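To start, the structure itself, in structure tokens.
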Protein chains: 2
Amino acid sequence: MVFGNTGNKSASGVCFTRDPATGENQLYGEYLINAQGEDVVAGIRTPKNIATLKNTMPVIYNELESTCRSIEKHYRDMQDIEFTIENEKLYILQTRTGKRTATSAIKIAVDMVKENMIKKEDAVLRIDPNQLEQLLFPTIDPKYPTNTIAKGLPASPGAATGKAVFSSKKAILAKERGEKVILIRSETSPEDVAGMASAQGILTARGGMTSHAAVVARGMGKCCIVGCSKISVFEDAGVFIAGDINVHEGDTITLNGTTGEVILGEAKLTRQGISGDFKTILEWADTIRNLGVEANADTPNDAKTALDFGAEGIGLCRTEHMFFSKERLTYVRQMILATTEDEINTALERLLEFQRKDFYGLFEVMGKKPVTIRLLDPPLHEFLPRGKEDIEKISKEMHVSTERLKDTIQRLHESNPMLGHRGCRLGITHPAIYDMQVRAIIEAACELAKDWEGGGSGRNGTEHKGSTLNTTTKDYKYPNIEIMVPLVADVKELIITKKRIIKTAKKVMEEKNTTVPYKIGTMIEVPRAALTADEIAKEAEFFSFGTNDLTQMGFGLSRDDAGKFLPSYIKQGILESDPFQTLDQKGIGELVKIAVTKGRTTRKDLVIGICGEHGGEPKSIEFCHKLRLNYVSCSPYRIPIARLAAAHAALKERIILHSQTSQSSQTLP
Amino acid sequence: MVFGNTGNKSASGVCFTRDPATGENQLYGEYLINAQGEDVVAGIRTPKNIATLKNTMPVIYNELESTCRSIEKHYRDMQDIEFTIENEKLYILQTRTGKRTATSAIKIAVDMVKENMIKKEDAVLRIDPNQLEQLLFPTIDPKYPTNTIAKGLPASPGAATGKAVFSSKKAILAKERGEKVILIRSETSPEDVAGMASAQGILTARGGMTSHAAVVARGMGKCCIVGCSKISVFEDAGVFIAGDINVHEGDTITLNGTTGEVILGEAKLTRQGISGDFKTILEWADTIRNLGVEANADTPNDAKTALDFGAEGIGLCRTEHMFFSKERLTYVRQMILATTEDEINTALERLLEFQRKDFYGLFEVMGKKPVTIRLLDPPLHEFLPRGKEDIEKISKEMHVSTERLKDTIQRLHESNPMLGHRGCRLGITHPAIYDMQVRAIIEAACELAKDWEGGGSGRNGTEHKGSTLNTTTKDYKYPNIEIMVPLVADVKELIITKKRIIKTAKKVMEEKNTTVPYKIGTMIEVPRAALTADEIAKEAEFFSFGTNDLTQMGFGLSRDDAGKFLPSYIKQGILESDPFQTLDQKGIGELVKIAVTKGRTTRKDLVIGICGEHGGEPKSIEFCHKLRLNYVSCSPYRIPIARLAAAHAALKERIILHSQTSQSSQTLP
């Protein structure tokens with residue numbers, strides 16, 4: 001036992017060998033003169049900054065500093081050390097690896113490589129991919145106090161501050177006025193997408209971690225809290241109630257999407273991009289990983305963000321998101337409400353123009369990187385208004401009787417839309433929609449190919465998954481198109497859809513007098529597709545696992561409804577985690593495994609990716625690596641996490657292989 | 001070439017060696033004097049009954065009769081023979097196996113066994129199980145003309161005639177008045193069950209082959225046409241429109257559930273039970289088959305019908321069906337709307353009384369045959385009213401404000417109820433409901449055991465699946481109870497539910513000072529359950545495949561919505577048949593196979609059955625036989641079909657095995 005409380009030449013303290021907040025390579029810590037260790041942490045006396053010890057006890061400080069260096073060198077990591085000084089003699093009581101922020105972790109790791117203390121691989125392994133979220137989204141500065149008034153599900157990380165608005169329209173108008181707003185809804189529907197895009201953050205009273213609001217917000221990289229059941233939202237009155245507090249339209253609130261906290265008033269936010277050491281670590285990760293990392297992106301803007309974050313392609317472009325702006329929605333509705341072929345064609349022609357422009361933009365941004373376009377997926381009723389008021393409004397706007405509108409809504413109503421008339425089922429029964437989409441894709445590709453031919457150098461160098469990032473020289477002729485058919489459950493669906501795609505593409509190329517290559521593949525998102533993947537692989541040039549839907553169907557869980565019992569399931573230990581966040585390896589993973597095995601039995605070089613929400617989640621990424629998938633695709637803002645997680649997966653495997661090799665060589669004679 | 005038109009000593013005719021309508025062992029056919037064969041079928045002249053040939057040409061008739069006998073003996077089956085008489089000389093032109101009705105097929109088969117012409121196995125194989133439907137349900141006598149005004153999906157076979165009514169209430173009132181009615185609805189909901197039970201048949205404008213109306217009607221053995229999209233139903237006005245024809249409340253219509261035809265006016269119906277040769281064939285089938293045949297039955301009445309048709313147990317008792325009578329529904333709603341524990345308990349206590357009585361009745365009827373009771377399965381919102389009017393009515397009846405009722409409805413609303421908060425998920429989050437149900441089961445069993453002890457002989461002889469039928473001696477002590485947990489997706493759900501079942505059962509038995517044995521098993525209806533069946537079998541004493549839900553989830557098809565594209569899929573050849581009618585062996589069957597293999601790896605003697613709609617469908621039954629399931633369970637009215645189909649499956653396997661053995665012995669040296 002040593003004593004730090006024998007007088008003014010004694011002291012106790014705690015110090016980190018490097019700054020756990022910034023990673024600066026200097027001692028960081030606190031001490032108290034004439035005190036035992038417990039006094040330092042008890043908070044009765046205010047400890048002093050370790051730097052002042054230099055002045056108080058310079059010799060001891062130097063000894064402490066060099067001892068810290070030695071310990072750190074020994075353990076090859078930043079240490080959290082407890083010490084006591086008894087009558088000017090230094091005693092080290094304890095050392096352990098120190099906890100640190102993401103910023104600090106990255107700086108320390110990169111510095112230690114520079115100092116030859118660790119290898120690049122060690123540096124990469126030391127950064128927890130999940131911790132990167134801290135760096136990628138705005139966060140609430142913990143130095144300032146906040147007033148939390150409710151807590152919901154942390155659906156999309158980051159933080160946002162703004163004025164409360166209760167309708168998408170108001171969010172859009174506010175944005176036009178340059179105001180920052182938080183969109184608050186009981187729950188969101190596709191009509192809210194434009195409003196969500198205009199808001200800083202989204203708060204809903206209902207819905208789970210993969211509800212519409214949550215999925216769309218994560219895609220946008222926008223802070224979002226859902227299922228905040230403790231608040232009551234009165235959209236028409238423009239108020240929500242949280243306990244005793246009424247928050248009115250225009251009141252400022254802050255959302256912490258990382259914790260789910262709803263905060264009254266403004267909070268101080270901080271944000272960091274990818275540069276410096278962060279960039280270095282990710283580049284090291286890129287040299288290690290085998291998995292490609294692509295992005296779920298629907299617009300040229302999304303695509304640019306994705307490229308900035310290091311995406312190697314677009315793994316999922318959800319074409320229906322292109323339908324949701326107000327003007328386009330009108331044509332979609334005209335198409336749905338049409339009673340003659342002519343009306344349908346007129347509406348489709350207008351949509352064709354929009355889609356062609358969209359695809360041109362996407363292809364242009366992505367250069368030779370693959371762009372995987374999923375044909376229309378949701379059921380048609382998702383595009384129709386809900387609620388009496390909306391129906392009346394839309395009926396007036398479209399010059400359609402409310403009766404006809406209501407009739408159509410009722411006719412298209414589904415008990416379980418998740419299992420309904422959507423995806424390729426729609427493509428097969430209403431082929432004109434897919435025809436239009438394929439035409440838009442191929443027309444855009446032909447036009448771009450011509451434009452590139454005018455300016456570019458000529459060689460067709462479309463990239464393979466996993467090739468180097470951000471190629472900017474235009475040494476390519478064509479965009480790298482992959483057309484993806486959703487919701488296939490039987491190979492015959494793919495055969496029929498494929499035949500039609502090829503026919504339309506051929507026709508367009510003849511019209512345009514240009515040839516562009518493209519691939520046709522399919523989502524694997526229906527359990528039956530996984531179970532019959534050998535047959536499907538005969539027709540599909542690539543697979544992309546839609547693990548959201550595969551989880552919904554395989555687990556029998558509706559992501560919009562599961563919020564009612566999933567929390568209780570996790571609490572009771574029935575489930576380890578939300579299967580919509582972390583892929584359920586035992587059950588849904590088994591389906592993935594079956595599909596990979598069966599698919600590659602038929603087609604050895606089948607390119608397989610994953611584009612569900614799990615594509616950006618480290619544990620699920622490790623699973624994808626183990627199954628030898630070619631790539632993962634995730635929200636642009638999760639790309640760095642995926643790059644790092646993919647490197648981790650590769651490194652962990654090397655470590656296991658290495659230890660097995662050493663073991664087996666030990667047992668060899 | 002021979003000529004039947006050389007004068008009055010020549011003739012041409014067609015004859016069956018036995019009556020193709022009744023099976024009577026006598027020549028049946030027609031001939032025309034001085035005519036060629038084509039004149040007989042052309043319909044210009046009216047042919048004469050073959051019996052009259054006996055008088056016209058007695059020698060030729062005797063020669064024809066004995067020739068027919070020889071040919072029949074040679075082919076060992078009833079023949080359809082063409083003949084010509086040229087100048088008093090008989091020529092046989094052609095013979096082939098004759099088509100016949102189900103009645104005729106059965107009589108001929110049984111007679112030929114008696115005549116030592118064929119073996120019992122041949123007789124069984126000659127009856128097409130699907131053809132039995134003709135015998136089990138009332139059918140429209142084809143001798144009378146009918147006026148078909150619309151055609152829908154033939155959801156439940158048979159025929160029914162009655163006055164059109166447009167609400168369940170009116171159906172019930174009409175039944176009380178002794179009137180026969182057809183219930184016509186846009187679609188049915190659980191609230192219509194009592195009305196459906198009171199009607200002769202059901203017609204809906206919407207819904208597919210496994211919509212609510214279809215499933216419930218098949219369960220009731222009641223004629224039903226669904227998805228009759230050509231009619232528009234105006235329930236409030238009490239009229240439906242089919243083309244130019246308006247059918248008003250009280251107008252008589254007839255449904256042909258076997259063809260889907262809606263007929264204006266009354267049609268002549270015929271019906272036949274199980275007796276005579278039909279009974280004989282089924283008894284022969286019973287000695288051949290390996291699969292047990294049980295019934296889906298919810299009431300003592302259903303159970304009696306099932307026993308009459310030869311059920312060896314109840315494979316599925318859907319306890320929620322016990323909740324749907326008006327009085328009970330009130331208590332279910334009280335429970336759902338309760339705000340205090342006391343209110344919940346009061347409601348549950350009343351439900352307990354009903355359920356106990358139900359189970360006592362079921363157990364009493366079934367004797368020592370197994371009774372598999374599925375704990376509550378549907379989501380709670382299914383018990384709440386829909387539509388403004390109903391909500392107002394129920395709110396008044398229950399003395400609950402419409403706001404509170406609406407709030408509850410909104411709170412319980414689900415986007416995809418099929419994948420929602422139901423089955424064991426409800427049991428886990430609202431354990432009081434399952435506690436009540438288990439208490440009712442065990443209390444009923446204890447009471448019955450005591451009553452039997454008073455009157456019975458003593459030995460506990462509960463039956464195994466597949467044992468002899470209709471045991472009436474009460475040489476048993478306890479009912480044969482199997483408690484079945486629905487919608488398990490993970491073994492932990494079963495562990496938790498099982499623990500609670502055992503606890504409640506133990507408590508009840510202590511209270512009653514009686515011990516009754518029971519088994520706990522699970523439905524396999526979620527794909528994930530099939531994929532993790534090895535783990536689930538550790539806890540489950542039996543499996544029962546819920547192939548309806550397994551198909552919905554595995555195929556990503558909502559049975560209530562699939563009607564919108566399934567017909568087109570079948571027409572285009574994407575699907576061979578409706579996967580809700582015939583089990584999709586390639587996809588869903590693969591899940592069944594995985595579950596059987598994994599389940600029996602853990603528990604060798606695992607009892608496995610199937611209780612989905614497929615349990616009564618011959619092709620699916622053959623698949624179950626091949627996978628070595630222990631039993632199939634189906635609607636009472638399909639039991640004879642299942643008995644015969646199970647025998648067919650066993651015989652076909654023997655034939656294949658036999659041919660393989662002969663082949664291999666041929667190749668032996």
Side-chain angles (χ1 to χ4, degrees), chain A residues 186 206-207 211-212 379 410-423 425-426 428-429 487 489-490 492-493 495-496 525-532 535 549 551-562 564-565 568-569 572-575 579 584 586-591 594, chain B residues 186 206 211-212 379 410-423 425-426 428-429 487 489-490 492-493 495-496 525-532 535 549-562 564-565 568-569 572-575 579 584 586-591 594:
Chain A
S186 286
R206 285 203 291 272
S211 59
H212 176 265
Q410 213 204 334
R411 189 168 44 80
L412 293 180
H413 170 79
E414 293 183 311
S415 309
N416 296 287
M418 173 62 220
L419 309 173
H421 195 177
R422 46 176 284 244
R425 296 165 188 175
L426 209 51
I428 287 169
T429 54
L487 212 75
D490 188 283
K492 292 204 194 98
E493 295 174 310
I495 292 174
I496 288 177
E525 53 188 337
V526 177
R528 193 182 188 278
L531 294 161
T532 60
E535 291 192 349
D549 280 8
T551 301
Q552 293 199 80
M553 296 179 199
F555 227 120
L557 284 177
S558 160
R559 67 183 189 187
D560 289 329
D561 306 317
K564 281 172 190 148
F565 57 90
S568 154
Y569 264 43
Q572 291 192 54
I574 298 172
L575 296 174
D584 157 49
K586 196 184 283 173
I588 308 308
E590 182 69 20
L591 280 176
I594 289 171
Chain B
S186 286
R206 284 205 290 274
S211 60
H212 177 265
Q410 214 204 335
R411 188 168 47 78
L412 293 180
H413 170 79
E414 292 183 311
S415 308
N416 297 287
M418 173 60 219
L419 310 171
H421 194 178
R422 47 176 282 242
R425 296 167 187 175
L426 209 51
I428 287 169
T429 55
L487 211 75
D490 188 281
K492 292 205 193 94
E493 296 175 309
I495 292 174
I496 288 177
E525 53 188 336
V526 177
R528 193 181 189 277
L531 294 161
T532 61
E535 292 192 350
D549 280 8
L550 202 60
T551 300
Q552 294 200 77
M553 296 181 199
F555 226 121
L557 284 178
S558 161
R559 67 181 190 190
D560 290 329
D561 306 318
K564 281 173 189 147
F565 57 91
S568 155
Y569 264 44
Q572 292 191 51
I574 298 172
L575 296 176
D584 157 50
K586 196 183 284 173
I588 308 309
E590 182 68 21
L591 280 175
I594 289 171

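So you know, we letter chains A, B, ... as the sequences are listed, proteins then strands, and number each from 1. Everything numeric here is computed off the predicted structure, so don't read it as measured data.
Among B:E525, B:E535, B:Q552, the residue with the largest count of heavy-atom pairs under 4.5 Å with chain A is B:E535. Note: A:D584 leads A:I495, A:L487, A:L591, A:D584 in heavy-atom pairs under 4.5 Å with chain B. Residue with the most contacts toward chain A among B:L426, B:I594, B:I428: B:I428 (heavy-atom pairs, distance under 4.5 Å). Options B:G423, B:G556, B:G573 differ in how many heavy-atom pairs under 4.5 Å they form with chain A, and the most are formed by B:G556. By number of non-hydrogen pairs under 4.5 angstrom with chain A, the leading residue of B:A489, B:A562, B:G554 is B:G554.
Panel note: side chain A:K492, backbone B:Y569; no donor-acceptor pair is recorded below 3.5 Å. In this structure a side-chain-to-backbone donor-acceptor pair under 3.5 Å is missing from A:K564 to B:G420. Here the side chain of B:N416 pairs a donor or acceptor atom with the backbone of A:M418 at under 3.5 angstrom.
Taking every heavy atom of both residues into account, A:S568 and B:T429 meet most closely at OG-CG2, 3.9 Å. Here the closest non-hydrogen pair linking A:I574 and B:D490 is O-OD1, 4.1 Å. Shortest non-hydrogen contact noted between A:P417 and B:S415 is CD-O, 3.3 Å.
Between A:R528 and B:E590 there is no salt bridge, since no side-chain nitrogen of the basic residue lies less than 4.0 Å from a carboxylate oxygen of the acidic one.
Looking at heavy atoms from C-beta onward, B:Q410 lies in side-chain contact with A:R206 at the 4.5 angstrom threshold. Inter-residue side-chain proximity for B:L419 and A:L419 is flagged as met; some heavy-atom pair is nearer than 4.5 Å. Looking at heavy atoms from C-beta onward, B:Q572 lies out of side-chain contact with A:E493 at the 4.5 angstrom threshold. Side-chain contact between B:R425 and A:L557 is present, with at least one heavy-atom pair separated by less than 4.5 Å.
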Practice task
Could you walk me through whether A:D561 and B:H421 pass the side-chain contact (heavy atoms from CB on, under 4.5 Å) test, one step at a time?
Solution key: CA-CA 7 Å; A:D561 306 317; B:H421 194 178; over 6 Å; no

Exercise for the section: Go through B:L531 and A:I588 one step at a time and tell me if the side-chain contact (heavy atoms from CB on, under 4.5 Å) criterion holds. Expected result: CA-CA 8 Å; B:L531 294 161; A:I588 308 308; 5.8 Å; no

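Heavy atoms of A:D549 lying under 4.5 Å from chain B are absent altogether. Only the backbone of A:R411 comes within less than 4.5 Å of a heavy atom of chain B; no side-chain atom from C-beta onward does. Of the two parts of A:L412, only the backbone, made up of N, CA, C and O, holds a non-hydrogen atom closer than 4.5 Å to a non-hydrogen atom of chain B.
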